[in-house]
Amino acid sequence: MKIATFNINGIKARLNALTDWLDEAQPDVVLCQEIKSVDEAFPREPFEDRGYNVETHGQKGFNGVAILSKRPLEDVTRGLPGDDTDEQARWIEATVVGDTHACRLCGLYLPNGNPVPGPKYDYKLDWMKRLEARARDLLADEMPALMGGDYNIIPQAEDAAKPEAWVEDALFRPESRAAYRRILNLGFTEAFRAQTEGPGHYSFWDYQAGAWQRDNGIRIDHFLLTPQAADLMVSCTIDKQVRGREKPSDHVPVVLEIAL
DNA sequence: ATGACGTGGAATCCACGA
């Protein structure tokens with residue numbers, strides 16, 4: 001089963017780019033971030049016409065996550081547990097049943113957190129504490145599960161073309177990276193780094209200052225797998241070429257192949 | 001050294017992003 005994460009930066013602006021990519025890459029599941037749409041306005045038809053089930057968790061203007069899946073999505077839940085007052089749409093879960101295993105899918109859009117310090121950074125770190133709690137529960141369930149999405153975390157210096165430019169940024173601050181590492185250290189496998197080492201692998205290039213043309217990117221879109229999911233992993237790749245197309249998102253898809 | 005680009009929503013600019 002081919003499962004992708006893709007921050008599309010606006011579903012209305014990216015409709016053609018996304019459907020073109022679906023037709024070409026034929027993923028079974030896509031975890032989408034930054035749909036920037038309320039649920040009622042999400043254009044379901046182009047995806048349903050292609051055989052995808054659509055589950056959204058949107059809000060007006062910003063954020064918003066969705067799952068597209070060719071197989072039925074069961075037990076869908078919306079919102080990251082742990083704070084009933086949190087109104088930002090950044091988390092959605094569902095279970096997909098494969099040929100041999102079921103897998104819990106968690107799609108996430110982790111807060112950016114800039115500027116540092118400030119309330120937005122506090123929110124990021126608070127959100128990551130809640131993420132850690134949910135991650136612990138997923139491990140305790142001892143079933144294949146994954147958390148995929150835009151983590152807004154540059155895990156290591158090698159994950160940025162110019163790491164020195166990010167040292168004061170919420171995506172690369174020691175506190176951010178430590179919070180991410182705490183989750184990894186619970187027993188998760190970061191899918192891309194399980195197979196590929198070294199610098200030069202990015203999933204985001206800013207629209208500004210010719211970042212794409214200069215390959216000035218960062219790797220911030222990740223899949224974290226429970227041990228039961230990691231045992232089924234086949235490959236994890238970044239579909240870099242998508243960034244060079246017409247009217248692209250500033251992120252590209254990361255694609256996980258897993259033997260479900 | 002600075003700014004640069006894009007999206008959505010409201011409104012002819014602003015918030016937000018990374």
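Below, chain A is the first sequence line, B the second, and so on; all start at residue 1. Any value given below was found using the heavy atoms of this structure, including those in side chains, with hydrogens, waters and symmetry copies removed.
- Aromatic ring pairs are classed by plane angle as parallel below 30°, tilted from 30° to 60° and perpendicular above 60°; the pair Phe42(A) and Phe47(A) is tilted.
- The pair Lys60(A)-Asp39(A) does not meet the salt-bridge criterion, since no charged nitrogen lies less than 4.0 angstrom from a carboxylate oxygen.
- Ala209(A) comes within 4.0 angstrom of a nucleotide base, judged by non-hydrogen atoms across all strands.
- Screening Asp231(A), Leu232(A), Leu146(A) for a side chain to side chain contact (heavy atoms under 4.5 Å, CB included) with Leu225(A), the sole residue that qualifies is Leu146(A).
- Under the 3.5 Å distance criterion, with hydrogens and angles disregarded, a donor-acceptor pair is assigned to the side chains of Asn7(A) and Glu34(A).
- Straight-line distance between the P atoms of dA10(B) and dC16(B): roughly 14 Å, to the nearest whole Å.
- In summary, the aromatic rings of Trp21(A) and Phe6(A) are positioned with their centroids under 6.0 Å apart.
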What verdict does the side-chain contact (heavy atoms from CB on, under 4.5 Å) test give for Thr5(A) and Asp150(A), after you've listed the backbone C-alpha separation in whole Å, the side-chain angles of each residue and the deciding distance to 0.1 Å?
CA-CA 8 Å; Thr5(A) 178; Asp150(A) 177 356; 6.0 Å; no

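- In the displayed structure, Glu164(A) atom CD is contacted under 6.0 Å by more than 12 heavy atoms of other residues, nucleotides or ligands.
- Separation of the C1' atoms belonging to dT12(B) and dG17(B) is 22 Å when rounded to the nearest angstrom.
- A gap of 23 Å separates the P atoms of dG6(B) and dT2(B), to the nearest Å.
- Listed by residue number, the members of residues 108-125 of chain A with any heavy atom below 4.0 angstrom from DNA chain B are Tyr109(A), Asn112(A), Lys120(A).
- A salt bridge is defined here as a Lys NZ or Arg NE, NH1 or NH2 lying under 4.0 Å from an Asp or Glu carboxylate O, and Asp86(A) with Arg130(A) meets this definition.
- Taking atom P in both dC14(B) and dA4(B), one finds a spacing of 14 Å when rounded to whole Å.
- Asp169(A) comes within 4.0 angstrom of no nucleic acid atom, judged by non-hydrogen atoms across all strands.
- Salt bridge Arg193(A)/Glu158(A): present, at least one basic N to carboxylate O contact under 4.0 Å.
- When the P atom is used for both dG3(B) and dG9(B), the distance is 28 Å, rounded to whole Å.
- No cation-pi contact links Arg219(A) to Tyr202(A), judged by a cut-off of 6.0 Å to the six-membered ring centre and 45° from its axis.
- Within 4.0 Å of Asp206(A), counting heavy atoms only, lies at least one base atom of the nucleic acid.
- Taking every nucleotide of DNA chain B with any atom under 4.0 Å from a non-hydrogen atom of chain A, the first and last of them, 5' to 3', are dA4(B) to dA18(B).
- Judged by closest nucleotide on DNA chain B, Gln208(A) is the one of Lys247(A) and Gln208(A) placed further toward the 5' end.
- At the heavy-atom level, Asp150(A) lies under 4.0 Å from the strands shown only through sugar-phosphate atoms.
- Comparing Glu34(A) and Arg14(A) along DNA chain B, the residue whose closest nucleotide (by nearest heavy atom) sits nearer the 5' end is Arg14(A).
- Glu175(A) and Arg173(A) are joined by a salt bridge, as a carboxylate oxygen and a charged side-chain nitrogen come within less than 4.0 angstrom of each other.
- A heavy atom lying under 4.0 Å from DNA chain B marks none of the residues of residues 153-162 of chain A.
- Aromatic ring pairs are classed by plane angle as parallel below 30°, tilted from 30° to 60° and perpendicular above 60°; the pair Tyr151(A) and His222(A) is tilted.
- Comparing the P positions of dA18(B) and dG8(B) gives an interatomic distance of 14 Å, to the nearest angstrom.
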